[in-house]
Trainee: 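My questions all concern the structure below.
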Amino acid sequence: MAIANAYRRERGRMPLAPARQAGNWKLAYADFLTALVALFLVLWLVNDAPEENRAAFAGYFRGDTEYREPEVPAGLEDKAIEASTALKASRALLPYRNHVVVSAEGTRVRLDVMDGQARPMFVSGGSDLTPDGVATLSALSDILQRQPWDIEIEGHADAFPAAGAAGDNWTLSLRRADAARRLLVEAGTDPVRIKGVVGFADTQPLRAEEPHLAANRRVTLVLQVTE
């Protein structure tokens with residue numbers, strides 16, 4: 001607790017001596033309120049965390065030496081690989097194999113819908129889908145409706161500065177991701193399954209050494225595989 005002191009001079013030649021001011025209770029009260037707000041913030045964050053993370057937090061405060069990420073249920077990564085293999089072999093995806101790349105990443109299945117010079121998915125510098133973009137995402141919506149898992153949608157851009165009225169690459173990638181979300185919903189995907197829409201601008205190129213590659217202009221549909 002902070003204590004404020006002032007100095008006063010008594011009559012005569014006495015040295016200066018600290019004198020406690022009457023307003024010290026205000027400083028103590030401010031310290032108390034700061035600690036209370038911090039406590040409420042910690043309680044709110046812990047309450048919002050998944051149950052398995054709360055157990056890890058509790059272990060940390062009991063004296064565990066390090067925080068451990070919750071373990072992935074056995075078999076989910078294999079399930080993601082199986083799902084990605086089945087999607088790659090899907091006849092419905094065959095016409096779009098040149099610009100839709102399916103891969104497994106941990107417990108997620110990623111479908112990268114990549115732009116191209118010959119068949120762009122979006123109009124240049126904007127977030128409106130081209131006819132090829134509409135056809136591709138409509139076909140993917142039909143495929144995704146056969147999968148039970150939640151979906152996240154990522155927007156990505158190349159390293160060239162954004163042109164047109166869409167703003168910078170952050171804004172452009174987010175608007176394109178949201179345009180994909182709207183198209184999927186219009187094509188029949190349950191909107192409740194879409195758990196996130198985010199734009200990454202040019203921060204996650206497919207190959208770090210080629211940030212200006214046209215394929216970096218892409219929308220990624222991410223399936224979170226669960227039991």
Side-chain angles (χ1 to χ4, degrees), residues 77 79-164 166 169-170 172-189 193-194 196-225:
E77 292 186 355
K79 197 171 184 179
I81 293 173
E82 292 174 4
S84 67
T85 302
L87 286 171
K88 291 175 186 177
S90 169
R91 293 176 62 89
L93 200 59
L94 191 61
Y96 310 98
R97 66 185 183 277
N98 290 332
H99 52 271
V100 177
V101 176
V102 183
S103 60
E105 184 182 86
T107 61
R108 295 183 166 197
V109 176
R110 301 177 63 86
L111 294 89
D112 286 299
V113 185
M114 297 180 292
D115 210 347
Q117 299 294 347
R119 298 180 65 180
M121 296 293 102
F122 295 90
V123 298
S124 178
S127 57
D128 293 332
L129 286 157
T130 63
D132 281 328
V134 171
T136 302
L137 286 171
S138 296
L140 289 177
S141 179
D142 291 339
I143 294 171
L144 294 179
Q145 288 175 49
R146 306 183 196 123
Q147 308 295 332
W149 305 306
D150 290 339
I151 305 167
E152 295 176 4
I153 305 174
E154 302 174 354
H156 302 269
D158 60 28
F160 289 109
N169 278 333
W170 288 102
L172 179 60
S173 61
L174 178 58
R175 290 179 61 179
R176 287 182 170 180
D178 192 52
R181 176 196 63 80
R182 293 195 303 270
L183 191 283
L184 291 177
V185 171
E186 291 171 2
T189 300
R193 293 178 55 200
I194 300 177
V197 178
V198 63
F200 286 104
D202 58 344
T203 63
Q204 297 185 9
L206 292 173
R207 290 189 289 273
E209 67 277 10
E210 295 184 280
H212 296 89
L213 195 68
N216 290 327
R217 302 192 298 268
R218 67 196 191 279
V219 171
T220 305
L221 311 180
V222 184
L223 298 176
Q224 179 61 62
V225 177

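Just so you know, residue 1 is the first one in the sequence shown, and it goes up from there.
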Trainee: Flag the pair Ile143 / Ser90 as yes when at least one side-chain heavy-atom distance between them is below 4.5 Å, and no otherwise.
Mentor: yes
Trainee: Considering only NZ, NE, NH1 and NH2 on the basic side and carboxylate oxygens on the acidic side, decide whether Arg217 and Asp158 come within less than 4.0 Å.
Mentor: yes
Trainee: Walk me through whether Ile153 and Ile151 qualify under side-chain contact (heavy atoms from CB on, under 4.5 Å).
Mentor: CA-CA 7 Å; Ile153 305 174; Ile151 305 167; 4.3 Å; yes
Trainee: Can you give me the closest heavy-atom contact between Phe160 and Asn169, atom names plus distance?
Mentor: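 Taking every non-hydrogen atom into account, O-ND2, 2.8 Å.
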Trainee: Is there side-chain contact between Gln224 and Thr107, with heavy atoms separated by less than 4.5 Å?
Mentor: yes
Trainee: Could you check whether any side-chain heavy atom of Thr136 comes within less than 4.5 Å of a side-chain heavy atom of Leu129, counting everything from C-beta outward?
Mentor: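 Not touching, per the 4.5 Å side-chain cut-off.
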Trainee: Please determine whether a side-chain nitrogen of the Lys or Arg among Asp178 and Arg175 lies less than 4.0 Å from a carboxylate oxygen of the Asp or Glu.
Mentor: no
Trainee: For the pair Arg218 (side chain) and Asn216 (backbone), establish whether a donor and an acceptor sit closer than 3.5 Å, ignoring hydrogens and angles.
Mentor: yes
Trainee: Do Leu93 and Leu140 pass the side-chain contact (heavy atoms from CB on, under 4.5 Å) test, and can you show the C-alpha distance, the side-chain angles, and the key distance before you say yes or no?
Mentor: CA-CA 7 Å; Leu93 200 59; Leu140 289 177; 3.4 Å; yes
Trainee: Over all heavy atoms of both residues, which pair between Ala157 and Ser173 is shortest? Give the atoms and the distance, please.
Mentor: N-CB, 4.4 Å
Trainee: Taking the side chain from Ser138 and the backbone from Ala135, do they hold a donor-acceptor pair closer than 3.5 Å?
Mentor: no
Trainee: Would you call Asp202 and His156 a side-chain contact if the rule is heavy atoms closer than 4.5 Å?
Mentor: no
Trainee: How long is the span from the CG atom in Leu184 to the CG atom in Leu221, to the nearest 0.5 Å?
Mentor: 5.5 Å
Trainee: Using side-chain heavy atoms (C-beta onward) and a distance below 4.5 Å, is Tyr96 in contact with Leu94?
Mentor: no
Trainee: Is there a donor-acceptor contact under 3.5 Å from the side chain of Thr130 to the main chain of Pro120?
Mentor: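 Yes.
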Trainee: What pair of heavy atoms forms the shortest contact from Gly126 to Leu172, and how long is it?
Mentor: O-CD1, 3.6 Å
Trainee: Using side-chain heavy atoms (C-beta onward) and a distance below 4.5 Å, is Phe122 in contact with Val219?
Mentor: yes
Trainee: Is there a side-chain contact between Arg108 and Leu223 (heavy atoms, below 4.5 Å)?
Mentor: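 No, their side chains stay 4.5 Å or more apart.
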Trainee: Atom CG of Leu137 and atom CE of Met121: how far apart are they, to the nearest 0.5 Å?
Mentor: 7.5 Å
Trainee: Using atom types as modelled and distance alone, determine if a side-chain donor or acceptor of Ser127 lies under 3.5 Å from a backbone N or O of Arg176.
Mentor: no
Trainee: Less than 4.0 Å between a side-chain N and a carboxylate O, is that true for Arg110 and Glu154?
Mentor: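 Yes, charged N to carboxylate O under 4.0 Å.
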Trainee: What's the shortest heavy-atom distance between Thr189 and Ser141, and which atoms?
Mentor: OG1-OG, 2.7 Å
Trainee: Is there a donor-acceptor contact under 3.5 Å from the side chain of Ser84 to the main chain of Ile81?
Mentor: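 Between the backbone of Ile81 and the side chain of Ser84 there is a qualifying donor-acceptor contact (under 3.5 Å).
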Trainee: Return the CD to CG distance between Glu82 and Leu87, rounded to the nearest 0.5 Å.
Mentor: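 With rounding to 0.5 Å, CD (Glu82) is 12.0 Å from CG (Leu87).
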Trainee: Looking at Arg207 and Glu210, is there a salt bridge between them, counting it only when a charged N and a carboxylate O are closer than 4.0 Å?
Mentor: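 Salt bridge between Glu210 and Arg207, a charged N being under 4.0 Å from a carboxylate O: yes.
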Trainee: Is the side chain of Arg193 donor-acceptor paired with the backbone N or O of Leu144 at a distance under 3.5 Å, no angle test?
Mentor: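 A pair under 3.5 Å: yes.
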Trainee: What is the minimum heavy-atom distance between Gly155 and Ala177, and which atoms define it?
Mentor: N-CB, 3.6 Å
Trainee: So do the side chains of Leu111 and Val101 get within less than 4.5 Å of each other, counting heavy atoms only?
Mentor: no
Trainee: How far apart are the C-alpha atoms of Leu206 and Met114, what are their side-chain angles, what is the distance that settles it, and do they pass the side-chain contact (heavy atoms from CB on, under 4.5 Å) test?
Mentor: CA-CA 10 Å; Leu206 292 173; Met114 297 180 292; 3.4 Å; yes
